[in-house]
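The figures that follow rest on heavy atoms only: side chains count, while hydrogens, waters and symmetry mates do not. Letters A, B, ... are given to chains in the order of the sequence lines, protein chains preceding strands, and every chain is numbered from 1.
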Number of protein chains: 2
Amino acid sequence: MDTRRTHGTGPDLASMARLLADGTRAGFCLALLDGRAWTATELARHVGVAPSTATEHLHALVGGNLLAEERQGRHRYVRLAGPHVAELIESLAAMAPQRAPAPRTLSAAGRRQALAHARTCYDHLAGAVGVAITDAMIERGLVDLEHGLRLTAEGTTWLGDLGITVPTGTRRPSVRSCLDWTERRPHLAGAVGAALCRHAFDTDWITRIGTTRAVAVTPTGRQALRHHLGLPDDILAPK
Amino acid sequence: MDTRRTHGTGPDLASMARLLADGTRAGFCLALLDGRAWTATELARHVGVAPSTATEHLHALVGGNLLAEERQGRHRYVRLAGPHVAELIESLAAMAPQRAPAPRTLSAAGRRQALAHARTCYDHLAGAVGVAITDAMIERGLVDLEHGLRLTAEGTTWLGDLGITVPTGTRRPSVRSCLDWTERRPHLAGAVGAALCRHAFDTDWITRIGTTRAVAVTPTGRQALRHHLGLPDDILAPK
DNA sequence: CGGTCGCTTCGGCGGCGGCCGAAGTGTCGT
DNA sequence: ACGACACTTCGGCCGCCGCCGAAGCGACCG
């Protein structure tokens, strides 16, 4: 190997970046941003490569500790190795140029619109709805961004009223700002963002649209979000 | 271009990652992490490529908005395009494997040791000293990490006593955690981290060692850090 | 006003790496 | 036990991209 040029010391930045520098591997990671585990062939079909090609890419990604794998019978499930990977991909995506939209078909345009409206971003909510929730929480003093985003005392009790206890003492920051790549505005992530999203699924405020990252706000959810955060219905309606 | 495979929508993650996926470009970025502006030939010499090669790489990095350039006479100065780029590179470096240390020469080993001890990381302090300062600030209640890292009221007045006013209302988080790649532990970054580092240079607590990222704590600095943060001398001594 | 220096452009070379298809291994159903 | 299926390995092809040296351009210096 050419060790002459890669002089001396420091982290091997390039080898890590190279893992994301391929369209196919990047497509895998973007898909896995939904926080769920995918099988190898699902990913292969999703980006349109042969299964053998997918295997090689997954080897690289798992070997680089970007993905975690779990074998079940004849299936190989992979998911992002952790929140830190999701955050890395998000910050990379936030400063990447948007790709040519080119939604040729009607269904593709609709799919894109559904994603822009409300979707999961790893383990929390994003899209217009995610941003609106965050804005409302700031406006009501549940979080503030005076010195970086943080949860206020009011926010803690507000979450408690919903039955969400704030995890404390963990290494993961309880609240973190995540830059949305459709809205280009920050929204609530971190442990609290994840807990809130989980709660929204559990209490049927939102449901997944098919098997995609897109979610829909249910009538129950509309009422709850109006009641708890004063969100107007027109933001929550899917069109 | 092959637009068949790069289906549809979303950010072009791969094109952004590709900018950092080359050893030479990564070397440029790691060098620029010192926060200063370098000329094209300085960078070329630093990583050991021909000037013409450096030109091409710089074109790519500037075009991708990772670097900002400034022309002065026959010189082309480049620097990181902003804190967000530094943060991206840091988070990438934090999860990248350490490269084979292989410090063949004595001077290389010494250089590495100096970097591990105290250095600038874009615009704030890192290394053992940077981590120690952060730890002491946490211990003294100047910052807390209850719900993410944040500055306390005591911290604000402490900074005020040093003559540092906390920038407020800016988009940049005033305090942020940055993961050190030698210590593998978080240390103080963000606007406050930058202001503190600047203050340390201005009041001669620290000085640069030659033209590298490494810094040395002066006798003045040792006394000040003992007085203000209770840091013991043995942490601050360079060996 | 010539010489030097920093940077740029261009052509050509070489290697790395992503792609596939064919063949092999293990697991699950029937 | 047998086929179907998910995944893996291997060989070979091809295109991209990073590298350099030669030559050109503009800025600075005597």
Does some side-chain heavy atom of [Y] sit less than 4.5 Å from a side-chain heavy atom of [X]?
X      : Y      : answer
A:R36  : A:R213 : no
A:W205 : A:R222 : no
A:D123 : A:T120 : no
A:I206 : A:T218 : no
A:P186 : A:T134 : no
A:D34  : A:Y122 : no
B:I133 : B:L125 : yes

Any donor-acceptor N/O pair under 3.5 Å between D:dG21 base and B:S52 side chain: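 Under the 3.5 Å cut-off, the side chain and the base do form a donor-acceptor pair.
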Does a side-chain N or O of [X] approach OP1 or OP2 of [N] to a distance below 4.0 Å, or not?
X     : N      : value
B:T41 : C:dC7  : yes
A:T53 : C:dC20 : yes
A:R71 : D:dT8  : yes

I need the [atom1]-[atom2] distance between [X] and [N], as an integer number of Å.
X     : N      : atom1 : atom2 : value
A:L43 : D:dC7  : CG    : C1'   : 13 Å
A:E70 : C:dT27 : CD    : P     : 17 Å
A:R76 : D:dT8  : CZ    : C1'   : 9 Å
B:H75 : C:dT4  : NE2   : C1'   : 12 Å
B:R18 : D:dG15 : CZ    : P     : 17 Å
B:R25 : D:dC19 : CZ    : P     : 8 Å
B:R45 : C:dC5  : CZ    : P     : 13 Å
B:W38 : C:dC7  : CH2   : P     : 13 Å

Would you work out how much the helix from C:dC1-D:dG30 to C:dT30-D:dA1 bends between its ends, with each end axis defined by five base pairs, to 10 degrees?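 Answer for the end axes of this duplex: 30°.
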Could you pull out all donor-acceptor pairs under 3.5 Å where a side-chain atom in residues 187-200 of chain A meets a protein atom, sequence neighbours excluded?
residue	atom	partner	partner atom	Å
A:H187	ND1	A:C178	O	2.9
A:H187	NE2	A:H124	NE2	3.4
A:H199	NE2	A:L162	O	3.1

Nearest atoms (heavy-atom pairs only) where B:A114 meets B:I209: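 Scanning both residues completely, I find the closest heavy atoms to be CB-CD1, 4.3 Å.
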At their closest point, which heavy atom of B:M16 faces which heavy atom of A:L92, and how far apart are they?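 For B:M16 versus A:L92, the nearest heavy atoms are CG-CD1, 3.7 Å.
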Using distance only, find each side-chain donor-acceptor pair of residues 51-66 of chain A under 3.5 Å and give its atom names and separation, not counting sequence neighbours.
residue	atom	partner	partner atom	Å
A:T55	OG1	A:P51	O	3.3
A:H57	ND1	A:R25	NH1	3.1

Polar pairs (N or O, both sides) under 3.5 Å between protein and nucleotides 27-30 of chain D?
none

Ignoring hydrogens and angles, write down the donor-acceptor pairs under 3.5 Å from the side chains of residues 71-83 of chain B, residues two or more places apart or on other chains.
residue	atom	partner	partner atom	Å
B:R71	NE	B:E69	OE2	3.0
B:R71	NH2	B:E69	OE2	3.1
B:R76	NE	B:E69	OE1	3.0
B:R76	NH2	B:E69	OE1	2.9

Residues of residues 57-65 of chain B with any non-hydrogen atom less than 4.0 angstrom from an atom of DNA chain D: list those, numerically ordered, please.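 Going residue by residue through residues 57-65 of chain B, the ones with a heavy atom under 4.0 Å of DNA chain D turn out to be B:H57.
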As a test of reading the structure: which of D:dC19, C:dC7, C:dC19 is closest to the side chain of B:E56, going by heavy atoms?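 Side chain of B:E56 sits closest to D:dC19.
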